[in-house]
Asker: 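Dumping the structure here so I can ask a few things about it.
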Amino acid sequence: MNKVAGIIRVDRKVLDIDKVLQMGMTFRWRKHGQIWHGVIGRNAVQLEQKNEGVAYSCVNGDSSDSGLNSELIRFFDLERKYEIPHDDENLTNAVGKYEGIRQLQLDPIETLYSFICSSNNHISRISSMMTFLGSKGDLLAQIKSDTDVEPNLFRYQAFPSIETLAQLTEQELRAANFGYRAKFIVKTSASILENGGNSWVETLKSEDYVVAVEKLMTLAGIGRKVADCIALYGLNKRESIPLDVHLIRLANRDYNLKEAEKGLTPTRYEGIVARLRETWGRDAGWVQTVLFYKELQLSKEKKKSPKSKREKNKPRTEKKEVKVEVKEEPVELQSEAQVSSRKGPVVTTRRRAAQKIKTECDEMPLKKAKEEEF
DNA sequence: CAGGTC
DNA sequence: GCTGG
């Protein structure tokens with residue numbers, strides 16, 4: 001009966017869950033009212049951002065001591081203090097204005113499928129596709145509407161195993177609006193199963209960045225850019241820089257990169273990414289995430305009519321607020337942490353030599369970025 | 001058009 | 001080249 005609940009005392013400037021849960025890293029979190037609902041591992045989790053920090057609770061029963069607190073710290077990458085090149089004014093300003101973004105550490109398998117779905121796609125549709133895949137997983141908990149007008153507003157489901165995913169057919173996926181990605185899903189599931197299933201994906205975490213990307217790219221629907229996304233958010237490869245037109249555009253504008261946005265050949269991709277990595281330093285992947293977010297916000301503001309100046313804290317996708325209630329009994333989100341994290345710190349600090357990344361690019365970095373230990 | 005891949 | 005906003 002003991003519900004796991006507590007609060008992570010972190011400032012919104014360090015972690016802003018409204019941003020990181022809907023900006024295109026992870027796709028199965030949903031917000032009802034002020035509460036975010038999602039799944040981390042086998043935990044059905046509710047989160048609420050308060051002034052004091054992020055309140056959390058686990059709503060599926062059996063986890064009185066699941067180490068949820070330390071899992072969340074890992075999930076939101078809170079043990080990391082991101083390193084910003086000190087002479088990069090553009091980046092300092094961006095981080096100051098678009099604060100609270102983290103490099104999430106997501107489930108490798110879910111992330112792999114997320115970004116296969118991401119090609120030529122937008123967040124809302126990726127979300128519906130990932131919800132479909134998630135619907136094949138174990139039901140952990142369930143929210144019902146108190147009005148019963150709209151039952152089952154949210155089902156917390158563990159992401160299915162490769163074995164389960166491999167049973168999906170192309171027709172079924174196409175019927176679920178996966179489009180041409182249906183074939184990718186079917187082929188990749190079979191390949192992973194052949195390679196050894198879930199454990200094969202897990203072992204990619206311990207591979208070197210370059211090797212992990214190479215192995216990922218052997219799978220259908222995973223090219224260079226998608227592999228970088230998976231490596232960054234699913235495998236904790238901090239040197240990974242998913243390169244797309246948005247990033248090239250902003251680098252052209254703010255970092256004196258002089259590259260065409262289109263026609264990205266493998267050689268060009270490697271060359272550009274190598275230079276950006278040198279420019280942005282140890283946490284290049286996180287930098288990419290922040291600047292990408294900034295770029296999307298700017299392009300959104302451009303689209304809007306100039307006269308309607310909305311408050312920036314107001315979510316654009318605001319819908320009718322629905323009162324929700326947890327299956328069993330509502331969980332108190334206020335209480336202090338009752339979780340003893342006996343697992344201890346999960347993350348060991350290790351220094352990865354970004355210089356080891358092989359590149360054929362002879363050019364200088366775009367700006368001098370001083371490495372400093374914090 | 002949307003954070004490409006084959 | 002799939003499909004929704």
Side-chain angles (χ1 to χ4, degrees), chain A residues 19-27 94 98 101 103-104 106 111-133 168-191 213-234 240-253 257 259-270 272-273 276 284-304 315-319:
Chain A
K19 288 194 180 83
V20 298
L21 294 180
Q22 56 91 273
M23 66 178 286
M25 277 184 274
T26 181
F27 301 91
Y98 303 95
I101 293 172
Q103 179 191 319
L104 299 185
L106 305 167
T111 307
L112 189 152
Y113 284 86
S114 296
F115 286 97
I116 289 180
C117 295
S118 77
S119 70
N120 263 333
N121 213 344
H122 53 263
I123 291 175
S124 67
R125 192 171 158 216
I126 301 168
S127 298
S128 81
M129 291 158 81
M130 287 304 289
T131 300
F132 175 82
L133 294 183
L168 290 165
T169 64
E170 185 179 342
Q171 300 126 320
E172 188 180 1
L173 290 164
R174 283 193 177 266
N177 291 329
F178 277 68
Y180 63 85
R181 303 165 201 85
K183 197 177 293 178
F184 295 158
I185 302 285
V186 171
K187 289 179 77 173
T188 284
S189 298
S191 302
V213 165
E214 275 176 6
K215 292 191 173 181
L216 285 169
M217 286 178 65
T218 64
L219 302 172
I222 302 183
R224 188 64 174 85
K225 190 261 176 179
V226 167
D228 262 321
C229 291
I230 299 167
L232 183 60
Y233 303 123
S240 172
I241 301 177
L243 184 64
D244 67 346
V245 291
H246 297 281
L247 205 67
I248 296 179
R249 189 197 314 130
L250 79 87
N252 279 331
R253 188 190 60 219
L257 181 81
E259 294 280 351
E261 292 176 10
K262 291 185 175 178
L264 260 190
T265 62
T267 310
R268 284 192 61 221
Y269 189 108
E270 298 303 332
I272 295 172
V273 153
L276 292 176
W286 172 76
V287 169
Q288 180 274 348
T289 306
V290 173
L291 293 181
F292 179 81
Y293 180 81
K294 171 191 170 187
E295 201 63 14
L296 277 199
Q297 297 308 306
L298 290 179
S299 71
K300 275 183 188 174
E301 285 170 20
K302 262 192 173 180
K303 276 186 183 174
K304 284 194 303 181
R316 208 171 310 286
T317 55
E318 193 174 28
K319 292 175 183 169

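Model, not experiment: these values are computed from the prediction. A, B, ... follow the sequence lines: proteins, then strands. Residue 1 opens every chain.
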Asker: Could you tell me whether A:Phe184 contacts a base, only the sugar-phosphate backbone, or nothing, with contacts defined as non-hydrogen atoms closer than 4.0 Å?
Answerer: sugar-phosphate

Asker: Find the partner of C:dC2: check Watson-Crick (N1-N3 plus N6-O4 or O6-N4) and G-U wobble (N1-O2, O6-N3) distances, both under 3.5 Å, and reply none if neither fits.
Answerer: none

Asker: Can you tell me how far C1' of B:dT5 sits from NZ of A:Lys183, to the nearest Å?
Answerer: 12 Å

Asker: Given C:dG5, B:dT5, B:dG3, identify the nucleotide with an atom nearest to the side chain of A:Pro242.
Answerer: B:dG3

Asker: Calculate, to the nearest 0.5 Å, the distance between atoms CG and CD1 belonging to A:Leu243 and A:Ile248 respectively.
Answerer: 4.5 Å

Asker: Nearest-Å distance, CG (A:Leu296) to P (B:dA2)?
Answerer: 9 Å

Asker: Counting any heavy atom closer than 4.0 Å, what does A:Ala220 reach on the DNA or RNA strands: base, sugar-phosphate only, or nothing?
Answerer: sugar-phosphate

Asker: At under 4.0 Å between heavy atoms, what does A:Ile222 touch on the DNA or RNA strands: base, sugar-phosphate, or nothing?
Answerer: sugar-phosphate

Asker: Answer yes or no: side-chain N or O of A:Arg174 and base N or O of C:dC2 forming a donor-acceptor pair under 3.5 Å.
Answerer: no

Asker: So, is A:Asn121 near the phosphate of C:dC2, with a side-chain N or O under 4.0 Å from OP1 or OP2?
Answerer: no

Asker: Under 4.0 Å, counting only non-hydrogen atoms across every strand here, what does A:Arg181 touch: a base, just sugar-phosphate, or nothing?
Answerer: base

Asker: Assign A:Ile241 to base, sugar-phosphate, or nothing according to its heavy-atom contacts below 4.0 angstrom with the strands shown.
Answerer: nothing

Asker: Could you check whether any side-chain heavy atom of A:Leu264 comes within less than 4.5 Å of a side-chain heavy atom of A:Glu259, counting everything from C-beta outward?
Answerer: no

Asker: Given B:dG3, C:dC2, B:dC6, which nucleotide is nearest the side-chain atoms of A:Asp244?
Answerer: B:dG3

Asker: Choose from C:dC2, B:dT5, C:dG4 the nucleotide whose nearest atom is closest to any side-chain atom of A:Asn177.
Answerer: C:dG4

Asker: Just checking A:Gln288: base, sugar-phosphate only, or nothing, at a heavy-atom cut-off of under 4.0 Å?
Answerer: base

